[in-house]
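Accompanying notes for the structure given below.
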Amino acid sequence: MKKILENPIVSFVARAILAYVFIYAAYGKIIDARQFSYEIANYNILPDIFINMMALVLPWLELFMALCLLIGYRLKANAAISAGMNIMFIAAISIAMMQGLDINCGCFANSATKVGWQKLAEDAGLLILSVYIFIKPVDTLTIGRFFGRKSLS
């Protein structure tokens, strides 16, 4: 099992999955920040003063973090950011479910995906990938190694 977890291909696939999901999610939110702000407001969690700021900042953070994971730049830091975002998403979805809200999760633009157990499971899977990359940041297929930097270990 240890060999599998330290395999550079497995690590890269985990990074690529996270990157794809976050880039795809960020793109739609950046294109239609107004709609994303409505979806954030539907959760009834944030004070109104923070909703627009969250709608403008979060997608760009998702995009930047995803690109860094994809190229392998500062893996531990970006995996921690990814994990933190997934924890935030899990908390928001859980709160919405406890409130009995039947709302769009706001994960992807033009998606009719509602908050619920499936979204919790998806975010938990992404959280597991983030934690894996944080714990085992295999740097073989990274931009740092491409330019001849020493390994992380």
Report the distance from atom CZ of Phe12 to atom CG of Leu70, rounding to the nearest 0.5 Å. 5.5 Å
Do Ile93 and Ile95 land in one hydrophobic cluster if side-chain heavy atoms of ILVMFWY residues count as linked below 4.5 Å? yes
Closest non-hydrogen contact found for Ser130 with Asn86 is OG-ND2, 3.7 Å
Quick one: are Trp60 and Lys29 in side-chain contact, heavy atoms under 4.5 Å? no
If you group Ile, Leu, Val, Met, Phe, Trp and Tyr by side-chain heavy-atom gaps below 4.5 Å, do Ile49 and Leu56 land in one group? no
For a 4.5 angstrom cut-off between non-hydrogen side-chain atoms, does Met85 reach Leu126? no
Check: Leu18 and Tyr132 side chains under 4.5 Å, non-hydrogen atoms: no
Cluster question for you: counting only ILVMFWY and a side-chain heavy-atom cut-off of under 4.5 Å, with indirect links fine, are Leu127 and Val115 together? yes
So Ile17 and Leu129, side-chain contact (heavy atoms from CB on, under 4.5 Å) or not? Walk me through it. CA-CA 9 Å; Ile17 290 169; Leu129 290 177; 3.7 Å; yes
Just how far is it from atom CG of Asn104 to atom OG1 of Thr113, taken to the nearest 0.5 Å? 6.5 Å
Looking only at heavy atoms, the pair that brings Lys119 and Phe108 closest together is NZ-CE1, 4.0 Å
Mind checking whether Ile103 and Tyr43 have side chains closer than 4.5 Å, heavy atoms only? yes
Any side-chain heavy-atom pair of Asp102 and Lys114 under 4.5 Å: yes
Phe89 versus Cys107: any side-chain heavy-atom pair under 4.5 Å? no
Interatomic distance, Leu58 atom CG to Met53 atom CE [nearest 0.5 angstrom]: 11.0 Å
Around atom OH of Tyr27, are there more than 12 heavy atoms of other residues, nucleotides or ligands at under 6.0 Å? no
When clusters are formed by joining ILVMFWY residues with side-chain heavy atoms under 4.5 Å apart, either directly or through shared neighbours, do Leu61 and Tyr20 land in the same one? yes
The reported gap from CG in Leu67 to CD1 in Ile23 (rounded to nearest 0.5 angstrom) is 4.5 Å
Looking at residues at least two apart in the chain, or sitting in another chain, which of them share a side chain to side chain contact (heavy atoms under 4.5 Å, CB included) with Ile128? none
Sorted by chain and residue number, the side chain to side chain contact (heavy atoms under 4.5 Å, CB included) partners of Gln118 (sequence neighbours excluded) come out as Glu122
Met97 and Leu120, any side-chain heavy atoms less than 4.5 Å apart: yes
Minimal heavy-atom distance between Arg15 and Leu69, with the atoms involved, is NE-O, 2.7 Å
Look up atom CD1 in Ile30 and atom CG in Leu63, then write down how far apart they are to the nearest 0.5 Å. 5.0 Å
Considering non-hydrogen atoms only, spot the tightest contact between Ala66 and Ala19 and give its length. O-CB, 3.4 Å
According to a 4.5 Å side-chain heavy-atom criterion applied to Ile, Leu, Val, Met, Phe, Trp and Tyr, with indirect links allowed, do Val13 and Val21 form part of one hydrophobic cluster? yes
I need the Ser37 OG to Ile51 CD1 distance, nearest 0.5 Å. 7.5 Å
Is a side-chain N or O of Ser82 found less than 3.5 angstrom from the main chain of Asn78, in a donor-acceptor match? no
